[in-house]
**Q** 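Just passing along the structure, written as structure tokens.
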Amino acid sequence: MKTQVAIVGGGPAGLMLSHLLHLRGVESVVLEARSREELESEIRAGVLEQNTADLLTETGVGERMKKEGSVHHGVELRFGGRGHRIDFDDLVGRAITVYGQHEVVKDLIKARLDAGGEILFEAEGVEVRDIDSENPSVTFRKDGENHELSCDFIAGCDGFHGVCRKSIPDGAITNYERAYPFGWFGILVEGPPSTRELIYNLHERGFALVSTRSPEIQRLYFQCDPNDDTENWPDERIWAEMHTRLDIADEWTLEEGRIIQKSIVRMRSFVCEPMQFGRLFLAGDAAHIVPPTGAKGMNLAISDIRCLTEALAEFYESGKKDLLESYSEVRLKRVWAVSRFSWWMTSMLHRFEGDDAFRHRMQIAELGYVVESRAASTTLAENYTGLKEGESG
Ligand code: DHB
């Protein structure tokens, strides 16, 4: 088997890379450990930056998002018993689209398969070989048989636990990491939404987030112990906690409904430097993780892919390697900018172990400044809707 770019991982990063390369006339094969059904049903975040939504539309995979996604022109920050709206339209003239990550994955899989693209699902035991040579390859097992895929380049889009980053020799890579001492308890709820726009809420008992998925499904989160178990949280306990954190004097009510899914995610910041070694290029969670506050994970991955596509297309069109050589340097500037934003949102909105009343007052003061100062609101709005490509990397 032979291709130009072997893509390890069929999440949004790998699929988008395959899609964009195809549009530039470059061949690829995507190898994915999971089945198509598993990939298409994995519940993740659901906020697309303006840049991401525009790219889906411009490259012909935005049709369903346009119909089923919901465009939000602002977000609410709630603290000290009151809500405050950050108006994206007014501050930066940009918006976000709420549309589940797994819906993006479905649309990309369909587009690739319709265009005759090759996605090998349930490819097991993937190993990358000879990454520091001009003839790298990927070996794997599928349907009980061993295979080897020769290629010019390998894109490591296989997530934080994938094999690609781990294949780079020790000493050639430096990891930067921060684990947060809390997690997010996430629930999917059947029933009408409690809010038109997302609510990020700080309470003395911890963070809570009210999001949506569709007119029939709500997505809610609250800060929890990362070692807690969903079994410890019967529905009544969840609703009581959400009410305690979110209820305010205004007319707003938290709409309860049937809880159809519960999960706990751990939170970390992680960046590896550099994001390339020889002919292996890392993108998305394989190279960096952000905590979920602000929903940047997939957006940052797609932004990596935009850059990697340019670099690979330039190589195939003109033989030049300049963009390939500068890939990591260019990306890391943006990766750190987005890591800072996600870390800042997380720090401002969560309760940390050992926090006292002083620290809580500081958080309230910071949020007060963010909502009252136009300069500070603009900072949040431009990062939340997505720094323009080329700004900060
Ligand atoms: C969602 C997830 C996030 O991490 C966030 O900041 C906002 C919304 C969501 O899943 O809807």
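Just follow the structure's listing: the first ligand is 1, and inside any ligand the first atom is 1.
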**Q** Given side-chain hydrogen bond (donor to acceptor under 3.5 Å, both in side chains), test R237 with N232 step by step and report yes or no.
**A** CA-CA 9 Å; R237 184 173 173 214; N232 297 331; over 6 Å; no
**Q** Answer yes or no on whether K296 is positioned over the face of Y384, meaning its NZ or CZ is under 6.0 Å from the six-membered ring centre and within 45° of the axis.
**A** yes
**Q** With a 4.0 Å cut-off on heavy atoms, is M345 touching ligand 1?
**A**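 Flag not set, M345 not near ligand 1.
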**Q** How about CZ on R178, more than 12 heavy atoms from neighbouring residues, nucleotides or ligands closer than 6.0 Å, or not?
**A**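 No, not enclosed.
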**Q** Quick check: does any side chain N or O of S373 sit under 3.5 Å from a backbone N or O of A375, one acting as donor and the other as acceptor?
**A** yes
**Q** Nearest protein heavy atom to atom 7 (C) of ligand 1, by residue and atom, and its distance?
**A** Y200 OH, 3.1 Å
**Q** Number the atoms of ligand 1 from 1 as they appear, then name those within less than 4.0 Å of a heavy atom of V47, with their elements.
**A** 7 (C), 8 (C)
**Q** Specify the protein heavy atom at minimum distance from atom 4 (O) of ligand 1: its residue, its atom name, and the distance to 0.1 Å.
**A** P292 O, 2.6 Å
**Q** Considering only protein heavy atoms, which is closest to atom 11 (O) of ligand 1, and at what distance to one decimal place?
**A** S211 OG, 2.6 Å
**Q** Taking it one step at a time, do Y221 and Y200 satisfy side-chain hydrogen bond (donor to acceptor under 3.5 Å, both in side chains)?
**A** CA-CA 10 Å; Y221 300 94; Y200 287 82; over 6 Å; no
**Q** Can you tell which of H22, M16, R24 makes a side chain to side chain contact (heavy atoms under 4.5 Å, CB included) with L20?
**A**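 Passing option: M16.
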**Q** Nearest protein heavy atom to atom 1 (C) of ligand 1, by residue and atom, and its distance?
**A**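 The answer is Y221 CE1, 3.8 Å.
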**Q** Flag yes if M65 and V71 sit in one hydrophobic cluster, no otherwise; membership is Ile, Leu, Val, Met, Phe, Trp, Tyr, and two members link when side-chain heavy atoms are under 4.5 Å apart.
**A** no
**Q** With atoms numbered from 1 as shown, which atoms in ligand 1 lie under 4.0 angstrom from a non-hydrogen atom of G294?
**A**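 The list of qualifying atoms is 6 (O).
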**Q** Short list, please: which atoms of ligand 1 are under 4.0 Å from a heavy atom of L198?
**A**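 Result: 7 (C), 8 (C).
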**Q** Which ligand 1 atoms, with their elements, are less than 4.0 angstrom from a heavy-atom of W184?
**A** 3 (C), 4 (O)
